[in-house]
**Student:** 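Quick one: the structure is below, questions incoming.
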Amino acid sequence: MLINSNLYNCEPLTAPGTKPEALSVTEFRDSFVHKFAAMHGKPLSTATDGEKFAALAALLREIISKNLITTRQERARTDPKQVYYLSIEFLLGRLLATNLVNLGLRETCAEALSQLGIQLDSLLPEEEDAGLGNGGLGRLAACYLDSMAALGLAGHGCGLRYRYGLFEQKIINGYQHEYPDNWLQDRSYVWEYRRPDEQIAVRYGGTVRMQTNGKTRFLHENYEQVMAVPYDVPVVGFQNKIVNTLRLWSAEIDISHYTCCRQGADCNSVIDYKHGVEALTDLLYPDDTHYEGQLLRLKQQYFLVSASLQSIVRSFRLNHDALRLLPAKAAIHINDTHPALAVPELMRILLDDCGLGWDEAWPLTVATISYTNHTILPEALETWPVTMVAQLLPRIHMLIQEINERTGRELWHTYPGDWDRIRAMSIVADGQVHMAHLAIAGSHSVNGVARIHTEILKQSVMRNFAACTPDKFTNVTNGITHRRWLLTANPRLAALINDAIGPDWIKTPAKLAELAAAASDPGFLAALAAVKLDNKRQLARYIKAKNNLTVDINSIFDSHIKRMHAYKRQFLNVMHIMDLYNRLRADPALTIAPRTFIFGGKAAPGYYKAKKTIKLINTLADKINNDPAIRDQLKVVFLENYNVSLAELIIPAADVSEQISTASREASGTGNMKFMMNGAVTIGTLDGANIEIREAAGADNIFVFGLSANEVLDYYQQGGYNPRELYTSDPRLKTITDQLVNGFFPVGPEEFRLHYDDLLHHGDEYFLLQDFAGYVDTQNRLAAAYCDQQRWQRLGLLNIAYSGWFSSDRTFAEYATDIWQLTEPVPFWNQDQPGIYDQLRPLARQDVLC
Ligand SMILES: *Cc1c(COP(=O)(O)O)cnc(C)c1O
């Protein structure tokens, strides 16, 4: 067995024919010193951490730039099929540590800096956390970029360069307050390359005139033009010298409007124009509770789509004459429906700019575009008022109408006379454009993100479409990049794994399964426990610094971190904690396995109930943390401003992973995978990817409870759920529910009235009362398992061992072969051992949903 603790720079990690950057410690140190001096013009001894970070990032950028150029030259020569992943969100997090790891320079850099008296770890927090996303969907996009580069695919992200990321959350008096996330700090982003020479004009408003001399043409006139300027963020492949890009578009004024201002034209309208343009890429998800906000969102979506597609087609045409080759050379993937305007926009480009006819353009469009659905929550299925689309995007509106008519006609052939069905499937209905329907019509592939989610899509939400074109529908279960979430975020665990099985798992994460052999090795289990304890200590220090709270590192660290949302049921977790607390209060002699409950998550600014849940958690925390009667057996922590960097701190330190969504509501989840990979044990419902986690880890190695997805869907369809009965029959539930409003908390009776009413008077939509008893029992079983430390460590180990399936490398190999049909040889994750993933593939069990 290969023993190698030198994690980041050891030979066996390299892909065949490539190697990490060959830079000695001395060279690295000297380059850094030079860079620093050139950049700041002052002695290193007087430098701030921020200045040192800036110099280090600039140094890495030089190395990355070289690789970016060679990657581009190589691609120009080999002309591989390019993948473009369009997403309104990219939740990148910080890039310094992952770039170092991917370049194979982390050890070299740490050593070089330490020779200068600088701690690498103290520079990492100097980087802003690029939060150009809201949650799982955006983080998924970022994980996929990492995997595409690691696999050597020519795959690029296309997104928006928001001036402000998702808001910064501060907790004041228990409440969430939102502050602008000024991540650019009025500077440019250290990693990006601005490329003004590749800017693209995007057009809004105006009129469309049909011209029919010979061939019919559509002329777009009197429009307002906005310039989309690309900023490329390099995406560094894992020790393979490949650098892909994430292209983020920024809105800028079209300078010609300014010229007329100087000549004394209507200056006010020019100023309005400037403000409008600046607003376009100011914010992610502008408030859409009013018309202007909605309009701005639609404008953003079109901006992303139009700039990306024009740029894609332009670069395609630089190298190819025949447009019919487009699907062979470009795959355009839309991440949820936000970029669904890609369908009419590609048609517009092919028809109006390239001069194709409809019958040529439509098959090319469908063959090029593919679509991932991320949710079945009805409120998240996007629609736009037809009038708004018509006014803002007149040509796109015409094309949507045409697509709608033609698909309607086809449906009429398939289902003659079945008006109800055709209506239910139409793209334009009731004055609204249905973006999911548009995306399905214009894509050759539609996928859900976990097996159960795809099944629900096929059986309910998209039932009609699946019946009509069953071959379009496929499942690709989400994944996460193990290079960020294990190798970078949990270096101690990564080193321990290397000691046990060598570093091949980094290239082939399925090989983590070899760790299972250590399940009966007490020495290894003890080492694993020591790593976890170290990570818990580190998190405890953070909690002390941030929340001024001391937590017991030997208690169970139970973590519930994700967006605040009713379906994710942070409130159910709260109910369990309240019950535990009530038990301890009732019996002062009671001794339990001590627990630290850790929460983190942002609530959408307009989401009243989710914000109240934050207040509820903090109010409960105050009460419990300050009650001497329970002898420090419980602690509750809400860590503010949950983001990627905080996740990287919390997940390696977690014992328990809370994945307790109402079954059927969570499409996949990816937080669940990150925890599993770091050896936390899941307590969860049979929802999203939890089902596949259970199959992969083994049913004994995860704690499951609650209604099944089918039971939930049946209740939704047929009714019959009676929460009041549960409230009256279970005294624990009566106590907890009443405590929300009876003065138990030192707040007024109205503070948590909504939570109370939702349980008792609004039908308990997410089945908290129903799932409570099972959840409490399962928590008790879990605590018992924790008390047997050997057994607990084994659970954690087996979760790590069987987490390889959830690497986004596996996900991407599936996309590459099944959906994008990349014809070039791809250095696949399983090249050494064909079939290794098939052995791990969770069984396709029929009983899950049907
Ligand atoms: C992984 C991740 C998510 C998604 O978490 P879920 O538990 O799947 O909802 C959201 N936000 C951040 C910062 C993440 O890292």
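The chain is numbered in sequence order, starting from 1. These figures come from a predicted structure and were not determined experimentally. As the structure lists them, so they are numbered: ligands from 1, and atoms in each ligand from 1.
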**Student:** Give the residue and atom name of whichever protein heavy atom lies nearest to atom 4 (C) of ligand 1, and the separation in Å to one decimal.
**Tutor:** Gly136 CA, 3.5 Å
**Student:** Looking only at protein heavy atoms, which one is nearest to atom 11 (N) of ligand 1, and how far off is it?
**Tutor:** Tyr642 CE2, 3.5 Å
**Student:** Is it the case that Asp809 and Ser147 place a side-chain donor and acceptor less than 3.5 Å from each other?
**Tutor:** yes
**Student:** Restricting to non-hydrogen atoms, name the atom on Arg483 and the atom on Thr488 that form the minimum distance, rounded to 0.1 Å.
**Tutor:** O-OG1, 2.6 Å
**Student:** Have a look at ligand 1 and work out which part of Asn643, if any, has a heavy atom under 4.0 Å from it: side chain, backbone, both or neither.
**Tutor:** backbone
**Student:** Find all atoms of ligand 1 within a distance of less than 4.0 Å from any non-hydrogen atom belonging to Trp485, and give their numbers and elements.
**Tutor:** 15 (O)
**Student:** Where is the tightest heavy-atom contact between Ile800 and Asn678, given as atom of each residue plus distance?
**Tutor:** CG1-C, 4.1 Å
**Student:** How far apart are the closest heavy atoms of Arg106 and Ala97, and which atoms are they?
**Tutor:** NH1-CB, 3.7 Å
**Student:** Contact between ligand 1 and Phe675 is defined here as a heavy atom of the residue under 4.0 Å from a ligand atom; is it met?
**Tutor:** no
**Student:** Output yes when Arg451 and Glu695 qualify as a salt bridge under the 4.0 Å nitrogen-oxygen rule, no when they do not.
**Tutor:** yes
**Student:** Answer yes when Lys609 and Asp758 have at least one side-chain N-carboxylate O distance shorter than 4.0 Å, and no when they do not.
**Tutor:** yes
**Student:** Working to the nearest 0.5 angstrom, can you tell me the gap between Met564 CE and Thr613 OG1?
**Tutor:** 5.0 Å
**Student:** Mark up the atoms of ligand 1 that fall under 4.0 Å of a heavy atom belonging to Val644, in ascending order.
**Tutor:** 13 (C)
**Student:** Which protein heavy atom lies closest to atom 9 (O) of ligand 1, and at what distance to 0.1 Å?
**Tutor:** Lys568 NZ, 2.8 Å
**Student:** Given Glu178 and Lys602, is the salt bridge (Lys or Arg N to Asp or Glu O under 4.0 Å) satisfied, shown in steps?
**Tutor:** CA-CA 9 Å; Glu178 297 113 28; Lys602 293 176 183 175; over 6 Å; no
**Student:** Output, in order, the C-alpha distance, side-chain angles, deciding distance and verdict of side chain to side chain contact (heavy atoms under 4.5 Å, CB included) for Leu95 and Val233.
**Tutor:** CA-CA 10 Å; Leu95 295 183; Val233 179; 4.0 Å; yes
**Student:** Would you say Glu666 and ligand 1 have an N/O pair spaced under 3.5 Å apart?
**Tutor:** no
**Student:** Pull out every atom of ligand 1 sitting under 4.0 Å from any heavy atom of Gly135, numbered as shown with elements.
**Tutor:** 10 (C), 11 (N)
**Student:** Based purely on interatomic distance, does Gly671 place a nitrogen or oxygen under 3.5 Å from a nitrogen or oxygen of ligand 1?
**Tutor:** yes
**Student:** Report, in ascending order of atom number, the atoms of ligand 1 lying under 4.0 Å from any heavy atom of Gly669.
**Tutor:** 8 (O)
**Student:** Just distances here: any N/O of Thr670 and N/O of ligand 1 closer than 3.5 Å?
**Tutor:** yes
**Student:** With the threshold set at under 4.0 angstrom, would you say Glu648 reaches ligand 1 through any of its heavy atoms?
**Tutor:** no
**Student:** Should one rank Lys562, His560, Lys674 by closest heavy-atom distance to atom 2 (C) of ligand 1, which comes out on top?
**Tutor:** Lys674
